[in-house]
Amino acid sequence: MAKLTRLDDIVSLCKRRGFIFQLSEIYGGLAACYDYGPLGVELKRNVRAAWWKAVVQTRDDVLGLDCAILMHPMVWKASGHADKFADLVTVCTQCNTRTRVDHLADGSAAQEHIEHVDIDIEAGKEHNLSNKVCPACGAVGQFTKPMAFRLMFETQMGANADDTMKVFLRPETAQGIFVNFRNVLDSSRVKIPFGIAQIGKSFRNEVTTKAFIFRTREFEQAELEFFCKPGTDEEWYAHWKEQRFNWYLNLGIKKENLRFRDHEPDELAHYAKACVDVEYKFPFGSGDWQELEGIANRTDFDLRQHQRGIRTMNDWYAQKGDLSKITLREEAEDYFKGPLSYFDEETRQRYIPYVIEPSAGVDRSTLAFLVDAYDEDEVNGETRNVLRFHPHLAPIKAAIFPLVKKDGLPEIARNLYNDLKTQFQCFYDEKGAIGRRYRRQDEAGTPYCMTIDGQTKEDGTVTVRDRDSLQQTRMPLDQVKNFLRDKLEL
RNA sequence: GCGGGUGUAGCUCAGUGGUAGAGCGUCACGUUGCCAACGUGAAUGUCGUCGGUUCAAAUCCGAUCACCCGCUCCA
């Protein structure tokens, strides 16, 4: 069984069939940005729908949310992104290793500490690196001029050019959930443990881009923040690990291409108690495993940070919104009673909940489903390209054909199509040889083709052709809808 | 960011200074009628972009953009 192994072939397939196009292609493209074509948008919509159904709709303990992409700038001060996403970086000319300027040490003096930098001011300053030592190769003073990295996208709010506020496009959807924790709690009669889920766009100025839509600058996340009582966090972490892994398998990802990778203790973010990646074996890079989703135990870090953020608002006003001049205030002694705390009626205790965060990349999963579904097999000595999508994910659920374009067959076929399309994404085609029409649908991943032939006029039956087995079954016209419903129900 | 490679029709690619090409695909008509059939015809090109050299550039030179591979990085 031949299998696509080159990314080039996948890119070509995606363009040829209308799954994914390079963005603004007629102008030469824009680095690491892509558009979804007619089949791609259906596939991606189905991936989102499957996630929402599994994580929100079919659970009693998860609610949905849809936050704005723009948020109050202090959100990013509290979350840590405003500081950590703005770095001065230099490259060792001896070994090409990239290092943050504030991480460089020289022989004698203590290292230069420039946390909370204003990147514009810092970039303009002279940085004397002649005594600095490369941590990778030990070369002294062999550095390029420091480069400023701004990892969050910035924009301005306010039409008056003289009176605008710098705001950021969110680099993750999660913070919108944390800042709405109180709102959801107060409006939804939920009790811990419960989760809040969101699907939406995020933006990051990646230092390096990578491999087609795998690492793009504008991308879509599907994130769940599951709030639980401290002490129960490890159970819930295990629960979501299992749930999320099985989600991919249930939608057809081959078991041998999916695995967990636990983060090493020194790899963990300082606030995370545990973190595991769900990885897929993509056919690019060195055929290496790449992250689809990260599942983290974030403890009570985020809610506590936002309580500090709230307490810092006076400084925000005093510094006229300049985040680089603000330092987050310390926590209150009784922080656990703060506005983002939870009162447990049963135990009569107030605490800051722990958070388990499964964070999936929608574009990455879509690519994985696409790659994993691709197959070539041989039919009567001919190679057949087929995308074996799980029926829930297939962009087109059924194609309807008249066997020939005469004898009243197109009319019957059109009636069937008009009936089915109200419930399923369908496709009608009456042109060309029937075999070619079947093969086209194979390459689009359509699981079923319905063909109206001469016998339909005699006994009202139609053939249903299965994408994977190529078997044809006759069934009455009026049963086709039920057949599809059985096969496609999520 | 570094090194290597690539960029010509929707896709795969040929074309080394002198008329812009092939296969596949697409569309039309005819024929056929259940797995990429056949015949005839047709459409589709800023040769990635900008500049330079030249009588003449897809071809030579420079810059730039984008993608792929390998590093590096990774919030």
Side-chain angles (χ1 to χ4, degrees), chain A residues 6-18 21-34 37 76 79-87 89-100 136-137 143-147 149-152 171-172 174 202 204-213 215 267 269-272 283-288 290-291 294 359 377-386 401-407 409 430-443 449-455 462-467 470-472 474:
Chain A
R6 290 172 53 236
L7 185 57
D8 278 340
D9 294 330
I10 293 161
V11 174
S12 162
L13 170 82
C14 284
K15 178 163 189 197
R16 192 170 68 242
R17 299 268 70 160
F21 305 125
Q22 175 152 38
L23 171 152
S24 304
E25 194 187 15
I26 61 168
Y27 286 107
L30 201 57
C33 297
Y34 291 88
W76 307 113
S79 72
H81 290 86
D83 298 332
K84 288 184 184 161
F85 272 46
D87 299 333
V89 174
T90 184
V91 175
C92 173
T93 54
Q94 296 300 297
C95 66
N96 264 325
T97 299
R98 187 199 309 264
T99 313
R100 281 173 58 168
C137 70
F143 295 103
T144 61
K145 192 167 175 287
M147 298 168 285
F149 279 76
R150 225 190 289 274
L151 301 177
M152 280 198 290
E172 62 174 35
S202 293
R204 298 182 192 182
N205 268 316
E206 302 290 350
V207 174
T208 54
T209 57
K210 183 171 188 166
F212 200 35
I213 64 168
R215 183 178 292 155
E267 186 183 359
H270 62 279
Y271 50 78
F284 52 74
S286 41
D288 227 348
Q290 304 282 349
E291 175 188 357
S359 172
D377 63 5
E378 210 173 292
V379 180
N380 301 330
E382 298 269 357
T383 301
R384 179 176 77 126
N385 290 344
V386 53
F401 308 141
L403 183 60
V404 293
K405 201 168 61 173
K406 58 185 179 187
D407 302 334
L409 301 188
E430 60 182 25
K431 294 187 179 135
I434 189 72
R436 181 181 297 264
R437 283 181 265 163
Y438 285 147
R439 295 300 175 85
R440 269 198 210 108
Q441 293 306 312
D442 288 339
E443 212 179 7
C449 293
M450 322 297 180
T451 302
I452 308 297
D453 57 15
Q455 194 181 326
V462 60
T463 66
V464 176
R465 180 257 196 190
D466 181 273
R467 176 194 68 202
L470 302 180
Q471 295 300 306
Q472 295 188 68
R474 289 204 83 88

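Every chain is numbered from 1 and lettered A, B, ... according to where its sequence line falls, protein lines coming before strand lines.
As rounded to the nearest Å, B:rU49 and B:rU16 have C1' atoms that lie 22 Å from one another. Distance noted for atom P between B:rG39 and B:rG45: 27 Å (whole Å). Atom name P, nucleotides B:rC24 and B:rG3: the rounded distance is 42 Å, in whole Å. Here, B:rA9 and B:rA43 have their C1' atoms 11 Å apart, quoted to the whole Å. Comparing the P positions of B:rA66 and B:rG48 gives an interatomic distance of 16 Å, to the nearest angstrom.
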Per-nucleotide protein contact string for nucleotides 30-47 of chain B, where B marks a base within reach and S marks sugar-phosphate only (heavy atoms under 4.0 Å, - for neither): ---BBBBB--------B-
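The side chain to side chain contact (heavy atoms under 4.5 Å, CB included) check on A:E443 picks up A:L13, A:R16, A:R17, A:N385, with sequence neighbours excluded.
Pair assignment for B:rG51 gives B:rC61, based on Watson-Crick or G-U wobble hydrogen-bonding distances that are each under 3.5 Å. The partner of B:rC38, taking Watson-Crick or G-U wobble pairs whose two distances both stay under 3.5 Å, is B:rG30. Base-pair partner of B:rG21: B:rC13 (Watson-Crick or G-U wobble, both distances under 3.5 Å). Pair assignment for B:rG45: none, as no Watson-Crick or G-U wobble contacts are both less than 3.5 Å. Base pairing of B:rU6 is made with B:rA66, judged by Watson-Crick or G-U wobble geometry with both donor-acceptor distances under 3.5 Å.
When distances are taken from the side chain of A:S12 to each of B:rU12, B:rC67, B:rC73, the shortest belongs to B:rU12.
In this structure, A:H81 and A:W76 have perpendicular ring planes: the angle between them is above 60°, well past the 30° mark.
When heavy atoms are screened at a 4.0 angstrom cut-off, A:Y34 is found touching the sugar-phosphate backbone but no base atom.
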